[in-house]
Each structure stands twice: as structure tokens, then as C-alpha cells.
Amino acid sequence: MPLIARRTLSLLGLILVLLLPASAALAHEEREVKLPDGTGSVPVYRQGEPDLLVCKTDKSDFQRRIAKFPDELRQRNLRLFARCQKEGFRHLQEAVDRVDGPGMNIAILPGLYLEEPGQPAPTGECADLEARWSSWGYQILSYEQQVQCPHNQNLVAILGKKDLQIEGTGAGPLDVIIDAQYRKLNAIRADMTDGVYFRNFTAQRTTFNSLYILATDGFVIDRMLTRWNDEYGFLTFASDHGLYTDCESYGNGDSGIYPGSASNINDGLGYEVPRYAIEIRRCKSHHNMVGYSGTAGDSVWVHDSEFWGNLAGATMDSAFPGHPGLPQNHAKFENNKIYDNNAAYYEHVRDGTCAKPPAERGYEKGVVCPQIGLPPGSGIITAGGNWNVFRNNQIWGHDNAAFNLMAVPAFIRGEEAWDKQFDTSHHNLYTGNQLKDNGADVYWDGQGSANCWEGVRVASPAALPGCGATGPARVVAEPVKLVQMYLCNDYSIGERRLPGGCWWFGSSGLARVEVQLALGGSVVLALMAVLLWRRRLRSRWALPLTVVGLAGLALDVLGALDGYSVLPAAALALTGLWLLGAGWIMRGAFGWFTVVLGVLHLVDAFDRAVWMLPLIPIGPGWIRGLLTGVWVLCAVVVVAPRRRAEREEAAA
Amino acid sequence: MRRAVVLLACALVAGCGPISETHHKPGTGHEVATGAPMPGEPSAEITIAGGRVTPPPGWLEVRRGQTVSLTVTSDVADELHVHGFDIKQTLQPGKPANIRFKADMSGVFEVETHGGKLVLIQLAVK
């Protein structure tokens with residue numbers, strides 16, 4: 001294709017994608033951080049006696065807590081309790097502050113830790129720090145400011161400690177609880193803490209994240225539980241050599257597990273990579289907005305985990321600025337169970353529950369306040385990602401689709417170079433997955449190249465590219481899907497704005513924007529069809545052709561109600577036959593124009609239902625839609641009543 | 001110029017402003033937090049089906065001395081146990097079981113099923 005033509009199309013595409021609002025994302029704001037240099041390693045659990053102990057003083061309460069422990073564990077806890085009464089600390093922060101070298105172990109004994117010294121709001125200089133306020137309602141503090149005022153935002157702050165291990169000594173994570181009571185952004189912040197190892201306790205109830213690991217090369221989250229946060233259960237950001245294992249998270253307004261800006265170590269490589277930056281295994285994330293999210297979740301290997309009961313199972317995206325490693329690439333989801341993610345959490349926004357202060361919303365009773373607009377009932381959503389592999393997962397019970405793939409232009413993430421605007425949604429591989437009892441297997445907006453699916457039966461578009469074959473490479477999504485995205489992404493939890501017309505938030509039938517678009521278009525074309533039949537078509541085929549056309553237009557409306565059926569393609573085919581036949585009968589300039597439009601309808605139907613055409617940079621739907629608009633204008637002139645003199649002249 | 005055009009188009013058409021103001025609005029800010037238990041009798045309704053707890057294992061804040069009401073419906077026969085207070089209640093399939101008791105000890109107490117070994121809720125008595 002000539003350069004100028006490609007540039008024109010690119011410009012067209014960019015203008016169209018500009019229609020997308022910038023809200024299809026999951027993310028947070030943080031100081032500017034660089035990805036680690038990758039020289040660290042995943043820390044190994046140390047079994048030795050702890051260096052520092054944390055416990056409470058109420059012995060009868062402690063004995064009640066450990067009463068059901070296995071004997072050996074109970075005896076160990078009794079020994080540690082006795083030692084802790086002599087030399088231990090009453091708050092985790094006090095023990096962290098005593099860490100004076102790498103490789104130390106802190107043990108937290110069973111109990112509820114409210115960390116009272118860290119609770120108060122900042123005073124003095126800490127109340128007046130010079131730092132930018134984020135749109136999310138908090139200050140973006142530098143590392144030095146975090147050190148200066150560790151409890152401005154954090155109940156427990158672990159800053160700059162190396163190879164630190166913190167372990168709960170209970171029988172399970174619920175035996176040791178760090179409870180922020182919605183007083184701080186983070187229950188625990190581990191910032192620049194290479195080699196940190198968290199094991200066997202719970203952190204809960206924050207206005208952002210329970211456990212936040214930042215700018216760290218080497219960490220483990222082992223048998224940890226996080227729950228009831230405005231945003232994330234586990235947030236690990238700009239980190240490398242990470243391992244989440246046997247963890248659980250629930251009740252979060254964004255995701256349970258968020259490995260954002262994982263080190264971008266495989267950029268430029270294909271599917272085969274030497275290693276992953278973060279591994280997530282045997283974790284459970286449920287009853288959140290999404291089980292997993294990954295803005296710039298690069299080189300993350302998620303396997304043998306379960307995501308259920310969320311609004312959507314998992315997402316990864318390139319839709320936020322300020323995240324190192326964009327566009328997102330090289331996540332691998334393998335051998336996971338992703339099921340029944342259909343939660344109707346937008347109801348809590350609609351009824352005002354989410355407008356209450358966090359502590360009054362009822363997170364602990366199952367309320368989730370979704371921070372972002374997403375299509376509920378989706379298994380895995382990829383909004384702007386490349387080289388992701390989804391292999392051998394079991395995905396079932398979703399009302400919408402098992403997989404959802406959409407492109408996101410680069411300006412959304414703050415990059416304006418022309419050549420980057422179409423750099424997402426390429427080389428995503430879906431293979432070997434077991435898909436069962438989902439509304440559909442795949443929803444794809446149609447943009448991107450070298451994406452491929454295997455084992456798919458029900459999808460939109462119906463004719464998805466298989467793996468190993470030449471597939472489409474389009475620079476812009478299907479028009480109706482783009483409009484739908486534009487509308488739906490106007491969601492705002494803060495303003496209790498649930499866009500009308502978007503099915504994500506409960507609109508159905510004629511209230512849905514795609515149905516309204518189809519109905520409007522069909523009514524106009526149906527009117528033209530009837531007028532052409534009455535005034536311009538002189539053939540015995542005129543009536544049958546018009547009936548075929550009207551049937552097609554009716555099917556188009558029905559197809560908009562169920563985009564995963566064959567109806568949209570069938571509607572296009574019938575409408576195309578009508579236009580083809582009517583144009584042939586009419587001949588002349590308008591007739592041949594009608595023939596061309598009919599052929600475009602048939603090509604579009606073929607593209608949707610049989611084989612997505614390679615090489616063309618935009619889908620036939622775009623050309624068909626634009627030409628249909630022009631055709632309607634021409635048709636109005638053609639079918640307009642003529643004056644008597646003209647008719648007599650014509651008759652003569 | 002190109003940057004200006006993109007930004008202008010972005011601002012006019014797409015609204016590339018803050019993604020969310022959830023935490024910036026009165027009543028939803030990070031600075032707003034209340035930790036006090038809700039007034040009235042603390043209560044929870046819990047369902048067990050297919051080995052899953054709904055809502056997921058919760059947290060009920062209780063003032064010491066308050067009466068707590070728990071209603072549990074299980075799809076299988078089991079036994080309910082309130083740790084610390086050592087209250088037990090038989091669960092019959094499909095039949096809601098209600099227990100009410102005075103929380104006269106401080107601490108965090110798990111309510112669990114003995115058969116399914118499921119944690120249903122934690123009572124935080126202060």
C-alpha cells in the first residue's frame with residue numbers, strides 16, 4: 001500500500017479512536033519509579049528462629065486464639081509468646097523499625113494488630129508536605145517524603161529494608177490480622193525492599209491497598225490473605241523476581257491481585273521467553289471487581305490459580321499513563337480455573353452504597369464498589385496487550401464472553417507518536433483452553449494483527465483467525481463496537497454515572513446503544529426500500545427483492561440484540577442481495593452505486609461469518625457504513641416525487 | 001503542533017482527564033474513615049452452597065456486651081461453632097439456623113463449620 005494511503009488511513013483511524021474516552025483502565029498513581037535492574041532473585045523462606053517478635057499482652061486472649069492449633073504449633077506459639085513478653089514488640093511497625101541489617105526475620109504472633117501509633121492523621125511538617133495531589137485524592141510523595149512521614153499514607157511502612165521476612169505464626173493467615181480500619185491508603189507498604197518475604201497473615205480494610213510492594217527486586221507473597229480495600233488486595237508495582245504463592249484476596253473495588261508494571265524483561269521477544277518477572281501460582285481471587293489486573297502487567301506468569309465470583313475474572317491493559325513498561329506484553333495465563341465471574345456490583349453504585357464512607361459501605365458483608373466500567377460476565381479481558389498467551393485454562397459460567405480483546409491507542413497512555421497509536425492488540429495467542437457454558441467464547445473489537453484463537457465456537461466476529469494462518473491486520477476496531485466502548489467508558493463511580501444505553505450497567509433491549517443504532521439505520525433503509533419499490537423498480541423481481549431487503553433490515557435489529565449469533569451476518573447478506581438486485585434493475589449511475597453497496601454488504605457478511613479478510617487495514621463495515629450514508633442521500637433524490645412536466649417529458 | 005492537536009482533540013472529544021475521582025469527592029475521600037460499629041444489633045446472614053460461603057468470609061464489628069445475631073443456611077448438614085464463646089448449633093440442609101448470644105469477651109472470634117471446615121465470619125468484639 002502506498003505510504004500516503006496508509007498515512008491517510010492511520011489518520012482516519014486515529015481520529016476514530018480519539019472517540020474513546022480514557023477510562024478503560026485499572027491503575028493507580030505513584031511517584032516516578034524505574035523498573036529494577038533485574039540483578040536480584042526470588043527470596044527463599046527461612047525457617048530459623050525469628051530475630052524479632054510481635055505480640056499482644058493479653059494471655060487469656062492469646063490462649064483462646066491458639067487453643068485449636070495442632071499441639072506442636074501451639075507449643076511453639078506458647079514459647080514465642082513467653083519470649084515476646086520479655087523482648088518483643090506490641091506493634092509490627094516497632095519491630096520493622098528495629099531491623100538493622102539484611103536477612104532478619106520478624107514473627108507476628110496470633111492477634112489483631114491495629115497499629116495504634118501509626119493511625120493518627122499527619123501533623124506538623126507531615127501535614128504540610130509539598131507534593132502533587134493525584135486525581136485519586138492523595139499526595140504523590142517521594143521516597144524521601146515517605147521516609148520522613150511513614151504514616152501519612154501507610155499503617156505499616158517498610159522502607160529500604162533488605163531481605164526482610166515477616167511471618168505470622170498462626171495455623172492460617174486469619175490468625176494474625178493487620179487491620180487498617182480504612183484509616184490509611186495502605187496497610188503495609190514495602191518500598192525498595194529487595195528480598196522481602198511475607199508469609200501467613202492477613203492485611204485488610206484500607207482506602208487503597210492492603211499489601212503494597214513497590215520498586216523491589218525479589219519478593220514473595222506466601223499464604224497471605226488481603227481483603228476489603230477500595231482498590232487492591234495485593235499491589236506489586238515496578239518490581240521484578242516476584243512470587244505470589246497460595247495467596248487469597250477478596251472484597252476489593254479494583255482487583256485482588258495487581259502486578260502492575262512488572263519488569264518489562266521480554267520486550268522485543270516472541271512467545272518463547274527466558275523467564276518471567278513475576279509468577280503467580282495457586283492463588284484465589286474472588287468477589288472483587290476483577291480477580292487479577294495488570295496495567296503494564298508485563299512478563300507475568302499466572303498459573304494454577306482460581307478466579308471466581310468477580311465482576312470479571314482477569315484484565316490486563318495499556319490504558320494508563322505513568323506505568324513503566326507500556327504497552328503491556330508477555331503475560332502468560334496457564335492452567336487456571338476462571339469461572340462464574342458475573343457479579344452485579346454496579347448495583348452498589350446505583351443505589352448510593354458506594355457514596356458512603358468506606359467503613360459504612362459494607363465491604364465486610366459482600367459489598368464491592370467497582371472503580372472502573374467493565375463488561376460484566378467476562379473471563380479474561382485484554383485492553384491493549386501484545387504477545388500474551390492464554391493456554392490450557394478452564395473457563396466457564398460467564399454470562400458474556402470467556403475472552404475479550406480490545407485495542408487501546410497510545411495517546412491514552414500519554415504517548416503521542418504517530419507510529420505508536422496502533423501498537424497494541426498484536427500476537428495474542430489463545431490455545432488449548434476449555435471453554436464451557438459461557439455466553440460466548442470470544443469478543444474481539446477486530447483491531448490488531450497476528451492474534452489467533454483455537455477451539456472457539458461462538459464469537460464476535462464469528463470468523464476469528466485461527467493460529468498459523470494469515471489473519472487480519474486492521475488499524476481500527478469495528479465501528480459499532482467503538483461507539484459502544486465510547487459510551488460505556490463514561491462510567492464514573494465518583495459521580496455515580498452509569499451510562500444509559502450500555503449493557504454493562506443493565507441496559508437491555510431497545511435501550512442498548514447498538515440496538516438503537518441498528519434500529520435507526522434499518523428504519524431509514526426500509527423506508528428507502530419501500531419507496532424504491534413503489535417508484536423506481538420496474539421488474540417482477542422488485543417485490544421479492546424488497547421483501548428480502550426488509551427481512552435483512554429486520555434481522556439486523558435482532559442481530560444487534562445478540563451479536564454472537566449468525567443474525568448480523570445473515571442480515572448483511574440479505575440486505576446485500578436486495579441492494580444488488582435493486583441496483584441491477586435500476587442500472588444507471590445510482591443503480592451501479594447500489595450494486596457496489598450491495599457487494600460491500602456481501603463482503604462484510606463474508607468477513608464476519610466466513611473469513612476475516614487479510615491485508616485490508618480497516619474492516620469492510622467502515623466503508624459500507626460510510627457509503628451507506630452517501631447512498632441514502634442519493635436515494636432520497638432518486639425517489640423524490642417528480643413534477644408533472646418532467647413526468648410527461650419523460651413519457652414522451 | 002501535532003501534540004497540541006492531539007491534546008485538543010483528546011480534551012474536547014474524549015475527555016482525557018482524570019480516570020476516576022472516586023477518592024476525591026466528599027464522602028469517598030481517603031481521609032474519610034469511620035471505624036465504629038453500626039448501631040443496632042450486629043447481625044449477619046450467611047449461606048453455604050457447594051462448599052462456598054456467601055458473602056465471602058466476613059467481619060462483624062461488635063461492641064462488648066452487645067447481642068449478636070447470626071443466621072446460617074447450609075446446603076448440607078453440618079455443625080456451626082462460634083470460637084471463644086463455644087456456642088454450637090446444628091445445621092440442617094436448606095433450613096436457616098439462627099443463633100443469638102451476648103458478646104461479653106473482647107477479641108476476634110471465628111465462626112466456622114466443623115464438617116466443611118469453612119470460616120463463615122469473624123467477630124471483632126471491642
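Values reported hereafter were calculated over all heavy atoms of this structure, with side chains retained and with hydrogens, waters and symmetry mates removed. Letters A, B, ... mirror the listed sequences (proteins, then strands); counts begin at 1. All of these numbers come straight from a predicted model, not from anything done at the bench.
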Exercise for the section: Determine, stepwise, if the pair A/Asn209 / A/Asn229 fulfils side chain to side chain donor-acceptor pair (under 3.5 Å). Expected result: CA-CA 6 Å; A/Asn209 322 291; A/Asn229 302 285; over 6 Å; no
Problem - NZ/NE/NH1/NH2 to OD/OE distance under 4.0 Å, A/Glu306 and A/Lys337 - result: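 No.
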Practice task
Could you look at B/Leu60 and say if it's the side chain, the backbone, both or neither that has a heavy atom under 4.5 Å from chain A?
Solution key: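 It is the side chain, since no backbone atom gets that close.
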Exercise for the section: Go through the atoms of B/Ser106 and report whether side chain, backbone, both or neither lie under 4.5 Å from a heavy atom of chain A. Expected result: backbone
Practice task
Pick one of side chain, backbone, both or neither for A/Ile177, based on which atoms fall under 4.5 Å of a heavy atom in chain B.
Solution key: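 Looking at A/Ile177, just its side chain touches chain B.
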Handout entry: Contact origin within A/Asp58 toward chain B - heavy atom pairs under 4.5 Å
Key =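 Contact with chain B involves no heavy atom of A/Asp58 at all.
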Practice task
Take atom CD of B/Glu45 as the centre, draw a 6.0 Å sphere, and report whether it contains more than 12 heavy atoms from other residues, nucleotides or ligands.
Solution key: no
Practice task
Sort out for me which of A/His286, A/Lys56, A/Gln153, A/Arg65 touches chain B most, counting heavy-atom pairs under 4.5 Å.
Solution key: A/Arg65
Exercise for the section: Calculate, to the nearest 0.5 Å, the distance between atoms CG and CZ belonging to B/Asp104 and B/Phe85 respectively. Expected result: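 The CZ atom of B/Phe85 is 5.5 Å from CG of B/Asp104, to the nearest 0.5 Å.
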Handout entry: A/Arg205 versus A/Tyr182, side-chain donor and acceptor atoms under 3.5 Å
Key = no
